[in-house]
There are 2 protein chains.
Amino acid sequence: MGRPGAPRGQGRDRVVAAALELFSERGVSGTSLQMIADSLGVGKASVYYQFKTKDDIIQAVIAPAFEQIRHILAETEASPAPQETLVASLVDLVIAHREVMAALSYDPAVRRFLESHEEASALILKLGQTLLGPAPAARRRVATSMFGAALSGVGVDPNLADIDDATLRRELIDLGRTLLHASAANQI
Amino acid sequence: MGRPGAPRGQGRDRVVAAALELFSERGVSGTSLQMIADSLGVGKASVYYQFKTKDDIIQAVIAPAFEQIRHILAETEASPAPQETLVASLVDLVIAHREVMAALSYDPAVRRFLESHEEASALILKLGQTLLGPAPAARRRVATSMFGAALSGVGVDPNLADIDDATLRRELIDLGRTLLHASAANQI
DNA sequence: GTCTATATCAGGATAGAC
DNA sequence: GTCTATCCTGATATAGAC
């Protein structure tokens with residue numbers, strides 16, 4: 001079966017899609033390879049044919065988001081007003097990967113995974129530092145932390161599921177800027 | 001050993017304290033009863049002597065926070081300006097139970113636990129509705145969700161560990177009110 | 001590529017000795 | 001109250017047939 005050649009990553013993509021859905025419902029630790037296999041209607045061993053370990057699946061699930069983070073950072077560093085544009089870029093990131101954020105932001109398994117992958121941790125650290133700016137006061141640090149948590153949180157919140165992406169994006173950017181401006185050293 | 005009588009809940013308290021620390025480091029699902037036992041220097045069965053199931057331990061860990069939530073709700077309902085005082089009360093809650101919040105807010109195991117305990121879910125639902133007010137617009141709903149996520153998030157954030165409780169409390173209340181006022185229908 | 005079967009291990013939970 | 005020993009279940013992962 002399956003014509004020879006052109007076996008592009010269909011199998012892998014199906015696994016990633018199924019994993020993402022289950023992760024967002026039950027968390028990473030709460031999702032077994034058996035569940036992923038069941039939701040695809042295949043056996044466990046077939047999943048292992050596509051990915052050697054569960055960590056490899058996690059990596060594949062979060063890869064697109066991190067690709068976008070890399071892009072955002074490059075873009076931000078070239079911007080004359082980094083913090084202003086970064087707020088909007090981060091909101092776009094959350095909107096684009098709403099499910100992934102909800103599923104992964106606070107999962108302990110993912111945190112361990114990130115800690116063992118230095119480049120990913122470095123990316124996130126850089127994001128935070130850019131948002132904070134140099135020598136931030138306590139108020140600024142609290143506001144930045146609140147904004148970060150809020151970004152992840154709105155994805156998790158099922159109460160907001162009925163709000164469309166455009167509206168959510170607009171309000172998030174606006175409220176996020178309100179929050180950060182209220183803590184800026186050089187605010188107007 | 002151990003003199004007869006006066007065996008007050010010392011054993012249980014030690015288990016709860018150890019569990020809280022491990023939960024906050026590794027998440028609930030990532031913490032086994034073996035780990036709790038090891039950190040106490042006892043065997044697994046000794047932990048089971050104090051608590052019949054792991055769920056019972058979870059319940060004991062979050063019980064103080066929920067006790068305070070009940071108190072806050074009663075207080076809020078008697079207040080002439082519920083939303084104003086609720087913001088401060090919730091911040092106090094987070095400050096008082098900083099570790100528990102960090103450990104439990106987003107853990108899938110805890111979410112399942114809450115879903116199976118209706119009164120706990122009802123409490124949290126009531127909190128949200130009070131903060132939202134009647135017939136909230138999308139902006140208000142997003143702001144409220146952001147505030148809720150931010151409350152949990154600042155507990156999780158290790159970057160804020162060095163900020164003392166009083167400062168954190170002040171900034172959280174102030175920034176929280178900024179956020180909510182920016183989305184109030186009847187704002188000044 | 002998918003299956004069945006299995007090895008290996010860890011988790012929650014219980015029984016019974018001390 | 002704590003221990004050792006054990007049961008049962010489910011998880012990751014592998015081997016080898018089809």
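Every chain is numbered from 1 and lettered A, B, ... according to where its sequence line falls, protein lines coming before strand lines. All values below were derived from every heavy atom in this structure, side-chain atoms included, with hydrogens, water molecules and symmetry-related copies excluded.
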Polar side chain donor-acceptor pair, B/H181 to B/Q83, under 3.5 angstrom: no
Nucleotide nearest B/K54 (side chain, heavy atoms from C-beta), chosen from C/dA13, C/dG1, D/dT12: C/dA13
Rounded interatomic separation in angstrom, taking OH from B/Y49 and P from C/dG16: 17 Å
Between P of D/dG1 and CD of B/Q50, the distance in whole Å: 6 Å
Heavy-atom closest pair, residues B/L123 and B/R70: CD1-CG, 3.7 Å
A/K52 NZ to C/dG1 C1', straight-line distance once rounded to whole Å: 15 Å
Atom pair distance, as rounded to whole Å: CG in B/D56 and P in C/dG12: 13 Å
Protein-nucleotide distance (A/F51, atom CZ; D/dT14, atom C1'), rounded to Å: 18 Å
Validation row: A/L33, A/K54 side chains within 4.5 angstrom (heavy atoms): yes
Test item: side-chain donor near acceptor, A/D55 and A/Q59, under 3.5 Å: no
Length of the CG-P vector between A/L22 and D/dA11, whole Å: 12 Å
Length of the line joining B/R112:CZ and C/dG12:P, which is rounded to integer Å: 12 Å
Members of residues 29-46 of chain A that approach DNA chain C, where some heavy atom sits under 4.0 Å away: A/G41, A/V42, A/G43, A/A45, A/S46
Partners meeting ring pair (Phe, Tyr, Trp, His ring centres under 6.0 Å) with B/H117 (sequence neighbours left out): B/F113
OP1 or OP2 of D/dA13 under 4.0 Å from side-chain N/O of A/Y48: yes
Check: B/L175 and A/M146 side chains under 4.5 Å, non-hydrogen atoms: yes
